[in-house]
Structure formats: C-alpha cells, structure tokens
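This report refers to the structure that appears directly beneath it.
In what follows, every heavy atom counts, from backbone to side chain, and hydrogens, waters and symmetry copies are set aside. Residue numbers begin at 1 in each chain, while the letters A, B, ... track the order of the sequences.
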Amino acid sequence: MKALNTIFDSLRKYFEAGGRLEKLKPLFDATETFFFIPGDVTKEGPHIRDSLDLKRYMSIVIIAILPTFFWGIYNTGYQSIASTGSHVSFLTAIFKGLEIVLPMVIVSYGVGFFWETIFASVRKHNISEGFLVTGLLFPLILPPTISLWQVALGISFGVVIGKEIFGGTGKNFMNPALTGRAFLFFSYPVSMSGDSIWTVTKGTGAHVVDAISGATPLSLSALSGPGMDISSSLTHAGYSMMKLFTGLYPGCVGETSTLLCLVGAVILVVTGVANYRIILGGVMGLLGIGLLLNLFAGDGHSPWFSLNPVYHLVMGGFAFGIIYMATDPVSAPGMNSSRWIYGILIGALTMAIRVFNPAYPEGVMLAILFMNLLSPVIDHFVVDFRLTKRMPNV
Amino acid sequence: MISLTIKKGYNLNVSGQPSSEVSDLKKPDRVALLPGRILFIKPKLLVKEGDEVNIGTPLFFDKRDDRIQFLSPGGGTVQKIHFGPRRVIQEIVIHLSDKEKKESFIAFSENQINAMDRTDLVKAILNGGLWHVLKALPFRDTAAPETIPPAIWVCLDNNEPFHPASHMYLDGKTGLFRFGLAVLKRLSESVCVSVATESPISDDKFMEMVTHQVSGPYPAHDPGVLVYHTKTHQLDNRSWSVTGQDLLLIAELLKTGVYPIERLITVAGSLAHKKYTARTRIGAPVAGLMPSEDHVAQARIVAGGVLSGYTVSHDSYVGFYETALTALPKGGEKEFLGFARPGIKKHSYSRTFLSVFNRKPLDMDCGMHGEERACVNCSSCANVCPVDILPQFTMKAIHAGEVEEALDHGLLDCVTCGLCSYVCPSKIELSTILENAKRDYYKESM
Ligand code: SF4
Ligand code: SF4
C-alpha cells in the first residue's frame, strides 16, 4: 500500500501539466483515486464532510448488480449447453457462461472507458464513477448472442450520445446504457429481437433441439392469438410463474431472474442508494394498468387483456429495468413526488407498450428512456407547485 | 407556550463532547476584538497602538452607521492592531493591566425601562456599544436602530456541536434575563423566547418567560429556522434575533451601568485535551482556553461550531459572537481502497456504511472524503435542509445567473447551516454557493 503510493507519486510528474502524458491525466487520476481516496481537506464551509462519496455510491450499485451478473453467467451457460440436449453441470454452465459473458463485459468496459478518457482529457475533468455502473449494466441488457462489435458500437453510442455530448455524468438526461441498447435495437433489429437470439448455440456442437426453447416468455405471449390464454400457453411451454420468478430461462444476459433483481433492490433500498418510490411506483403502475385491462378482457380483445398482471412483473426485463435502470438518480427526477409519478408512468407505459405494441415486446426499456426525457419536465412542475406554497422571502 | 418540532436537519454524532462542568478561567493577559469576523461592517478605528483604554472604551465603529460602536472588552493598552490583506482590520489586541478601569454608563431600573421612550432606550444600548448583538434576518446584519421589527427571537440553545447549553449560562440569572426581555419588549411588540425541549431548566419563574419549546435536530434552534417555521406573514422574514448570552450582556449593561465582559465558551473536539465549558471573557485568547498540548498542534481549531464556524489559529482570539472552540483532526491522509471499506467508524448521513449500526460518537476530521463531481440529483441535500430549500436546484439557478429564480426557491431563508454541503456525495460546496449568492444579493441591494 505504501509501495503503491510511492509508485503513484513517482509517476505523477509525467501526467502533470507539461508532462509527457499530460493528456492522460484523467486516466492517471481515475486509477490513483480508485486505490486511494485523496487527502483533500475542507477549505471553506462546513469543516467536516460525509464519508460518502460517489465512488462508494457507485460501488453499492455494483454490489447490487452482482447477483444478477453471476446469475447471468450461469444462466447463459446453462441455456447454451441445455439447447444441445446434453446434461448441464454447475461448473460447465459457469465456464460456458463466462466464455460468453466475460468478453461482452470486457468490451463494454474497455470501449466505454476509452471514450470516457477521451472526453475527460479534452474537457479536463475527472472520469466519473458512473461509468463503472453503465459499463456493467450494458452487457446485462443484451441478448447473449450479440456480436462483440455490436457491444462496442452500442456502448460507444450510449456513452457519447447518451451522456458525453450533454456534458457528462450529472448533465445527461438519458440513461447511457439504455440509450446504447435502444440504438442497437433500432439499428440491428435482427440481432436484438426474435426467437433465435436468446441462447448461444454456436460452438456447442449441436443444433437447437427444440425451437420453442428459444422463445422468451414475452415473445411467446405476444404470439398468442385472440381467445388464447397466455398463462396456460406459458405453462405449456414450461414457463411456470416460479420459473419466471427464479429465472432459469433464455433472455437477456442479466434480466431473467426477478428473484435476484429483488436481492439487488433490497441492497439498493436499504442503503438508500436507490429511491424506493420509483420501484414501488413502477410496480403499482404496471399492476394498475394490468388490472384495468383485466376489466376489459373478453372476446375480440387480445389475450394480453386477461393475463394476470403479476406475470408482467416476472416476465422480460421489467424487474431489472425498474430496479437498476429507472433508479439511476441522474436521469430520474429529483423530487420525491416526481419520483412516484415517474415510477408509476414507467410501469404504466411498459404495460401499454407490451400490450398494444407487440412489435416491441420489451416495453420497459423504451418506457424508461421516454420517461428519462420527461423527468426534468415532471420535476419542473413539481418544483413550481411546491414554490407556490412557499411564503416568499425577498 | 408553543411546542414546536422541527423535522428536518441532522445531528452529527461527533466524538469529543464536553463534560457538563463549567470552570472559571483565570484572567488572561490579553483580550482582542476581531472586526474582520463581524459580517458586513466597515470598521473605522478610534484607537491606535499604545493608547490606554478602559473596559467600555470605543475601539472602532461601523462606517455605515457611526452610532454602532464596538467597545473594548478589557482595560489596558492597545498592544497591537493586525491588518490583513487589503488593510482589513483583523485583530485589535488589548494588553490588560492588573487593575482594569471601567467606563461608566447610565443604569436603569426595570420600571424605568418599562416607562422609557423607545428612542432613549435605543440610544442607551447604542452608547453602551451593544447594539450590534441585535441581528436582522435574513442577512444577519446589524439591526437598523430605527426599524421596528415584527418580532425579536431570543434563541437560548444551539445544538450544533458543541455550544454551552442554556441552563449553564442562565444559572442564577433569571432576574437579569427578565430585565433583558423588558428591554426587548420596548423594541418590538413581539418577543419570542425559544428553549430546547430537552433543556433541564425547571425553574417555573423562568419557564413563564419561554414562548417556544423547540425540539428537533440541528439547526432546529437557529432563529432563521424558527422564523421559517412560525411565520404567518411575509414581514416576519425581517424579524430580529439575539442569542441568550448576548441578551444577558444588554441586560447587565443597562441594569448596572457597567460594560459586561463575561462569556461562556465550550471547548471540545476529539483533539482538545480538556473538554469543558469555560467561564472566561469576551475576546479571550485561544491559547488560554486550549493549552498547546501536542495534539492541539495537529488539530484544526474551529471557532463557532464544526459546521458553521471558521478556522482560527492557536495564537488568535475568540470572536465576539463565538461561544465554541472545537479541536478537530486535520485529516488529509490518503485512504487505501477507501470506497470498499465496511466503514463501521465512518460517519455518514447515508446508510451506505456499517456505521448505521454504530451509535457511538465518531471521530470526524476535516477531510473531504472524496472528490468533487457533478450533481447526481440524489436529493440528500434537500432531505436535510431545515428550511425546505432544494439546494441542488437553487445551486443550478445560481450557476445559471438566475438570481430571481434562486430567490423564489427560498435563497434568503437559507440559514447557512452547512448540512447540505456535509451530506453531498458529489462534494459540492452547496452552502458556500448559496451563502455567497445571498450576500452578493444583499450587497447589491444595499
Ligand atoms: S440550503 Fe443548505 S445551508 Fe442553507 S439552510 Fe438549507 S441545508 Fe442549510
Ligand atoms: S446532495 Fe449533492 S449530488 Fe445530491 S442532489 Fe444535492 S447537490 Fe446533487
């Protein structure tokens, strides 16, 4: 630790103004401050400051993501091997999963970090810790069959267009990981939707045994014609509520297990890093619209109308989206009442997109992105309303 | 009596609490006034080095209103006048003689006060050099003598770590306090006296005078916070305030005709050798209160509370208004993998460290504990603000030059408690930004 400090001290001169590697100062700072919280002291204002900083804040988010990350590795590997019909052991699933997921994560971090460093050195500001979260979230919301060049392209778009052109973390109003995903979704629909993308079959030496095992619960549901009962066709395909909840089925890398998303939610809410109002609001919005649709269920309406809305909580990326994406404080509103509105609208919109626009069965991502755009507006109205109740002091 | 509970705010559980003992300090050999520490005034000196002064001799006045004078808290010779950058008068040091001489002022009885003309009373306080302890909200500049304020708040307690509790300095002074209230009642129709609910004062005679019993986390006892939570009219924003100890000074001056010089000052903090409350004098030397033990040399000494105070050097003096000295560790050590530690001893408003389970007072140093970042809209600052400001939005309005918008947000209600800066994980100097904007606005409107 002392030795490490000495190394940093001796290298610093190359990165200072006038040094040979001056341009890479943000990279040096990011590395140094990763290992050491700087020894700065208060100059003005309150003499003591909270021990919490953004590094800690973001590390808690990462810890909360890890359960879904590890599950994603296991599940991806499991599905890939299971699709060949062979027996899956825990270890082989993990190895197979690592083989698929790790390169995605490495590319996501590597390419994203590259952009962060470029922007930080041009703008002469520090690399924000927010990226550590974005870089991990991004591969988790992609199908495991995605090509690495698409990962690179997506994260580049997310970081550059979703964040940096607005001025970097804190000034962006869209979640960068979702921006990247939306970009891939609209530019490469074939790689991002359909039934064949959820399980990696390449390199397993066999072809898919059962076509239906490639369909996700959401696409399966969207296929149901009028008069069919989604829950029974789900059960028929092997998707019991329990299975959907625990998450051993094909889907985006990190999204399938609602259970582990809940574990993450507990970590985020208990530590106060994520605002529970957004999550609860989202669940309420989704269930609310779901129940409303139930009222209109019957002949002539799509089978979605009669589906028990609880299914929506466990299908697809809703849990993951509302817990990890919607709660990103930068792109969410800053007032508690706006957070309720924001959450509820995300839930409602997710439901609406899923039911009324089956072309995009995964509604939650679009719903969050759309609400990201609206969140400053919601805040604006909520703040204005609050100010009308404030006795002026001028 | 009105019971008031202030919900928002935050109590820092800092180690180094003072004991409840009050010790009388022996007479120091020097005392000083620190004009540079008095907000807004433009001091004009009335003495020069070498002059003989008595207790109560005017040392300087405020150029903006020459009736507002500042009197010598000691008798002896003017030993040194320190000037800072741009010739700001920083310290006027009086070397005390063994037998100090006192100026004499007119003494009044309570009946005389009750029958007195307001103008005459104002004049008596002005002549006695204590008008400046009356502060006008929201800027806390010296109150304008001719103005009749909507109310005067006497805030007896201060729960910022660590200040003398009201029962310590009021002990045996109920009569004097009553006299002080009689004076204030001649200045304003409404006089509010607030005391902490947990205060051990049980004297019925005293409690009759209390109008508000206040509970809540820091800064619940700040006059600005109390006005914010009790105001019924916009004019109430211009209420005046005075601290309990300062009111006793006015009372003593008018009752005895002698310029009072006693002060209770709490000395505490994890690096203070002895943690106690001292009965000493206005303008006492820091070194006399906090002997220079080794660990004091490594400390940052803060005058006036760990959140809202300022740094003083060990060879300086305690400012007129300050009643707290805290010795905090300077901090500034780099911390290896600091973000990944469980943090059972790391103080935080958040719940991101194991210290949430730790009820013990924690050592707090002057480190920033992180680097400045852009605001992530976490709203911690808004959650602690005692006067419901949304500091993150107000800060953005200030940065965009939208002063009007910042005012709409309640900029002038800000009491500069410092909590928003304390909690901010992005280490943004919110309270300083707001305070500067507020002062700039005041200076422009002057
Ligand atoms: S804005 Fe900050 S300094 Fe001002 S009162 Fe609120 S918390 Fe205190
Ligand atoms: S505490 Fe800091 S980061 Fe959080 S909202 Fe306030 S200013 Fe922004």
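Taking a 6.0 Å sphere around OH of B:Tyr310, one finds it holds more than 12 heavy atoms contributed by other residues, nucleotides or ligands. The neighbour count for A:Phe381 CZ, taken as heavy atoms of other residues, nucleotides or ligands under 6.0 Å away, does not exceed 12. Within a 6.0 Å sphere centred on NZ of B:Lys396, heavy atoms belonging to other residues, nucleotides or ligands number more than 12. Around atom CZ of B:Phe139, more than 12 heavy atoms belonging to other residues, nucleotides or ligands sit under 6.0 Å away.
Between A:Arg339 and B:Asn377, the shortest heavy-atom contact is NH2-O, 3.4 Å. What you find for B:Gly418 and A:Pro46 is that their closest heavy atoms are O-CG, 3.2 Å.
Between B:Glu371 and A:Lys55 there is a salt bridge, with a side-chain nitrogen of the basic residue lying less than 4.0 Å from a carboxylate oxygen of the acidic one.
Interface remark: A:Leu52 contributes backbone and side-chain atoms alike to the contact with chain B (heavy atom separation under 4.5 Å). Residue contact with chain A, scored on non-hydrogen atoms closer than 4.5 Å, involves the backbone and the side chain of B:Thr352 alike. Contacts of B:Gln234 with chain A are made by both backbone and side-chain atoms, with heavy-atom separations under 4.5 Å. In this structure, chain A has a heavy atom under 4.5 Å from the side chain of B:Gln392, while its backbone stays farther away. Neither the backbone nor the side chain of A:Ile62 comes within contact range of chain B; no heavy atoms are under 4.5 Å apart. Contacts between A:Asp328 and chain B at a heavy-atom distance below 4.5 Å are absent for every atom of the residue. Residue contact with chain A, scored on non-hydrogen atoms closer than 4.5 Å, involves the backbone of B:His233 exclusively. With a 4.5 Å cut-off on non-hydrogen atoms, B:Val302 touches chain A through its side chain but not through its backbone. Interface residue B:Ile389: backbone and side-chain heavy atoms are both found under 4.5 Å from chain A. At a 4.5 Å heavy-atom cutoff, B:Leu419 makes no contact with chain A through either its backbone or its side chain. The contact between B:Asp413 and chain A is made by backbone and side chain atoms together, counting heavy-atom distances below 4.5 Å. Of the two parts of B:Lys330, only the backbone, made up of N, CA, C and O, holds a non-hydrogen atom closer than 4.5 Å to a non-hydrogen atom of chain A. In this structure, chain B has heavy atoms under 4.5 Å from both the backbone and the side chain of A:Leu54.
Between B:Asp388 atom CG and A:Arg390 atom CZ the span is 6.0 Å, to the nearest 0.5 Å. For the atom pair CE of A:Met391 and OG1 of B:Thr232, the computed distance is 6.5 Å after rounding to the nearest 0.5 Å. Here B:Leu411 contributes atom CG and A:Asn393 contributes atom CG; the two are 9.0 Å apart, rounded to the nearest 0.5 Å. One distance of note links OH of B:Tyr422 with OG1 of A:Thr42; it measures 12.5 Å at 0.5 Å rounding. Between the CZ atom in B:Arg351 and the OG1 atom in A:Thr271 there is a gap of 7.0 Å [rounded to 0.5 Å]. Rounded to the nearest 0.5 Å, atoms CG (A:Leu387) and NE2 (B:His409) are 5.0 Å apart.
Between the B:Lys346 side chain and the A:Asp50 main chain, no donor and acceptor come within less than 3.5 Å of each other. Between the side chain of B:Asn237 and the main chain of A:Pro392, a donor-acceptor pair closer than 3.5 Å is present. Checked by atom type and distance alone, the side chain of A:His47 pairs as donor or acceptor with a backbone atom of B:Gly309 at under 3.5 Å. Put simply, the side chain of A:Arg49 never gets that close to the backbone of B:Pro425: no donor and acceptor are under 3.5 Å apart.
Across B:Cys378, B:Ser431, B:Cys424, B:Gly331, the residue that shares the most heavy-atom pairs under 4.5 angstrom with chain A is B:Cys378. Comparing B:His347, B:Glu333, B:Met364 by how many heavy-atom pairs each has under 4.5 Å with chain A, the most go to B:His347. Note: B:Gly410 leads B:Gly410, B:Ser308, B:Ser426, B:Ala374 in heavy-atom pairs under 4.5 Å with chain A. In terms of non-hydrogen atom pairs under 4.5 Å with chain B, the most contact-rich of A:Ile267, A:Val270, A:Val273, A:Ile63 is A:Val270. For the set B:Cys366, B:Ser380, B:Ser379, the count of heavy-atom pairs under 4.5 angstrom toward chain A peaks at B:Cys366. Ranked by non-hydrogen atom pairs under 4.5 Å with chain A, the options B:Leu407, B:Val306, B:Leu430, B:Thr326 are led by B:Val306. The greatest number of non-hydrogen atom pairs below 4.5 Å with chain A, out of B:Val14, B:Thr311, B:Val356, B:Leu328, is found for B:Thr311.
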Step-by-step side-chain hydrogen bond (donor to acceptor under 3.5 Å, both in side chains) determination, B:Ser348 to A:Arg56: CA-CA 12 Å; B:Ser348 179; A:Arg56 177 78 177 188; over 6 Å; no
Side chain to side chain contact (heavy atoms under 4.5 Å, CB included) assessment of A:Ile48 paired with B:His369: CA-CA 9 Å; A:Ile48 48 186; B:His369 307 300; over 6 Å; no
Verdict with supporting geometry, A:Met335 and B:Leu390, side chain to side chain contact (heavy atoms under 4.5 Å, CB included): CA-CA 9 Å; A:Met335 306 282 301; B:Leu390 306 165; 3.6 Å; yes
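No side-chain heavy atom of B:Arg373 sits under 4.5 Å from any side-chain heavy atom of A:Asp53.
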